[in-house]
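This report refers to the structure that appears directly beneath it.
Here is how names work: the chains are called A, B, and so on, in the same order as the sequence lines, proteins then strands, and each is numbered from 1. Model, not experiment: these values are computed from the prediction.
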Amino acid sequence: MSNPIVKFDNVTKRFGDFVVLEGLDFEVQQNEIVTIIGPSGSGKSTVLRVLMTLEPIQEGIVYVDGDMLWHEERNGKTVPASENHLRQMRNRMGMVFQQFNLFPHMSVRRNLTEAPVQVLGLSQQEARKRADELLEMVGLADQADKFPGQLSGGQQQRVGIARALAMRPKVMLFDEPTSALDPELVGDVLNVIRELANEHDLTMLLVTHEMQFARQISDRVCFFDRGRIREEGPPEEIFSNPKQDRTKEFLHAVLHPDE
Amino acid sequence: MLYGIHWDTSSNLAFTLSIIPILLEAMIVTLEATVIGFLLAMVIGLILAALKGVPTRIVSWPATFIIEFLRDTPLLIQLFFVFYVLPQVTGILIPAFVAGVTALGLQYSAYCAEVYRAGLEAVPKGQREAARALSFSPSYTFTRIILPQAVPRVVPALGNYLVSIMKDVPVLNVVTVLEMLTAARIIGDRTFNYLIPLSLVGALYLILTLVASFMVRYVDMRLPKRGIPLK
Amino acid sequence: MEWHQYLYPMLKGAWVTVELTFFSTILGGIFSFAFGIGKLSHNWISKAISIGYIEIFRGTSLLVQMFWLFYALPLVGQQIGINTSIPPIIAGVLALSLNIGAYGAEVVRGAIQAVPKEQYEAAKALNFTARQTMWRIALPQALPEMMPPFGNLAIQNLKDTALVSLITIADLAFIAERLRNITQDSPTVYTIALFIYFGMALVLAAGLKWLSRHLGNWRSAGGR
């Protein structure tokens, strides 16, 4: 098996006394689509946030595309990463947030072009071209000059996806992308994610409660509980035939909430 | 000498130490002016706010105008007005201290009126509606429901204005009220050393502001405001 | 002298007041941003200096600061042998600016901190540098928050300019006091002075309201 594009090696993360990730071993292969499910507080979002360099780790090593993320090699020793190193690594990841987090004072188009121009050094024309293509792809080409405040939640999230893609990351992270949306707007966003999964070579890591959707697009599903992966496998296995009791419990509660 | 206290110009340190008692005497005047000015401001502000809230426009508009006027004109000019114009018009001589605290009271009454209004308005409308639904009388509603919720919001703002008044007291030096800045100037005029007296006054003000802010925050903390959403 | 003859000299003084307000507010604004952002800095030296500046100039009286710059500063220079006496107009503008800058710094700091944490996360995820995040993401969102308090500070500054008359600058307050001395007609002189100040404040307030509406345009776009 080729080298994994993401690898967590015995990673522990604490918030004060609270252990959120405990000795986590986790791998994602290139172009793999992995969904993480589990109860709240299990650490699922934290995995994404650690990858996006939003949260540091206390123990263990995280590798992205073969390089250490939160550490670097200096004079033959492994030391915590400098801000420079983090900035270099950060470009490989893109993140879609539950609350979209669009920049309200910028137009939709500018939300997409600002980082490519300021961070990647693209010219305004190149960035604009890229932005227009992405807006086309997520079905919002006609909203380019509107402001986030004028868009629905579903539209904002699609812009959020386009904004992350504009940086051409290798790994796309989706942190509960539809949890903050009105039910009727969820479908549009899921369609965009599905298209991304099917038609593009992207490694995708999703945290979501949309079980049907996870089943449809995932290559692998990981069930997280209390800081570790309790069970993982292809979606048919996990959803139809979970082996662990805790997994069964969780799935039952989520898929049949009224029983 | 000032207040019967001599200063010692033999060395900088001796000078500094010898004028501290003088400045402390003057500080008492500063504090007196602050407190009286503040009380005046609270009362006048209350009257103005009440008048502004009256539905009849003949009453509320002049009140609104007065509040705006007091808020938008400098304390110094208001002070000159009280000190020079009122005696000339009414024939009553007004002592400097009285003119001073009156001007302070007028200037800050406008701010207090605004604070009262904001505090009352911040109480959710639903409170009045619930009170009416429960058939409480208007006066009961005001004193037992609205006011207790308005006061915690009002106190920090009023406290800040108290500290501001204290910092405005030196303006009274132009009508020769003997507060700290006046004392420093007198000492400076006579010894030609302004540096030490003025710096000391600055330092004393820093300390006073710190203490006053502390007290305001203490009062704010001890206010009964359990369960009242303050954001 | 007839009352309408007071008008010309007073309006000349009023113009000085306008200039003073203008320059001290702008300079004060620069201080506000410099020290407001400085207080949020991770560099402990910047942070310490900013906090020191803010506490000193907010914690002492403006008039005391003004007198200090005018009377005491030259004496500091005397002790160390350089000429640090500054012309009254500089002392006046400087005192006003430093004072309003300290209050403004807290406004700037508060507004920047009010920008939701998620915005900083989104900026980080897109790999903006700290400086880019501050200038392109945080400050533009903080500016509309700052305008109302800044507006109040500007009007306060206008009123505070009257104090420079006490260090011999010929502003409206100075001219008014001189006219009163000459004519002994304090009611008329001071009433006119009050109304001129009132008028200036209203114009300033209107201008600021226009400015804040212009800056916060993107906020009203939508209304969801």
Revision key, fill the gap. Ordered numerically, the heavy-atom neighbours of chain C under 4.5 Å found in residues 162-194 of chain A are R163(A), M167(A)
Point to revise | Region of Q99(A) in contact with chain C, defined by heavy-atom distances below 4.5 Å | key: neither
Review point. Which residues satisfy the side chain to side chain contact (heavy atoms under 4.5 Å, CB included) test with A111(C), sequence neighbours excluded?
Key: A142(C), E145(C), M146(C)
Review point. Could you walk me through whether M106(A) and I137(C) pass the side-chain contact (heavy atoms from CB on, under 4.5 Å) check?
Key: CA-CA 9 Å; M106(A) 297 184 188; I137(C) 311 295; 3.8 Å; yes
Check your understanding: More than 12 foreign heavy atoms under 6.0 Å from CD of E83(A): is that the case here?
Key -> yes
Check your understanding: Considering heavy atoms only, which positions within residues 42-54 of chain A lie below 4.5 Å of chain C?
Key -> R49(A), M52(A), T53(A), L54(A)
Review point. Which bit of L120(A) is near chain C, if near means a heavy-atom gap under 4.5 Å: side chain, backbone, both or neither?
Key: neither
**Study point:** Proximity breakdown for F103(A) and chain C, heavy-atom pairs closer than 4.5 Å
**Key:** both
Point to revise | Q141(C) to P104(A) - nearest heavy-atom pair and separation | key: OE1-CG, 3.4 Å
Check your understanding: Do F97(A) and E121(C) come close enough that some side-chain heavy atom pair is under 4.5 Å?
Key -> yes
Review point. What's the spacing between L126(C) CG and Q118(A) CD if we round to 0.5 Å?
Key: 12.0 Å
Check your understanding: Tell me, side chain or backbone of E114(A) under 4.5 Å from chain C's heavy atoms, or both, or neither?
Key -> both
Practice item. Take atom CG of N43(C) as the centre, draw a 6.0 Å sphere, and report whether it contains more than 12 heavy atoms from other residues, nucleotides or ligands. Key: yes
Check your understanding: Given side chains that start at C-beta, do those of R110(A) and R136(C) come closer than 4.5 Å, heavy atoms only?
Key -> yes
Review point. At a heavy-atom separation under 4.5 Å, does Q132(C) approach chain A through its side chain, its backbone, both, or neither?
Key: side chain
Practice item. Could you tell me the separation between the CG atom of L102(A) and the CD atom of E118(C), rounded to the nearest 0.5 Å? Key: 12.5 Å
Review point. Is the number of heavy atoms from other residues, nucleotides or ligands under 6.0 Å of E136(A) CD greater than 12?
Key: no
Check your understanding: Any idea which heavy atoms bring R90(A) and N127(C) closest together, and the distance?
Key -> NH1-OD1, 3.2 Å
Check your understanding: For Y120(C), does the OH atom sit with more than 12 other heavy atoms under 6.0 Å from it, leaving out its own atoms?
Key -> yes
**Study point:** ring pair (Phe, Tyr, Trp, His ring centres under 6.0 Å) against W210(C), all qualifying residues, sequence neighbours excluded
**Key:** H214(C)
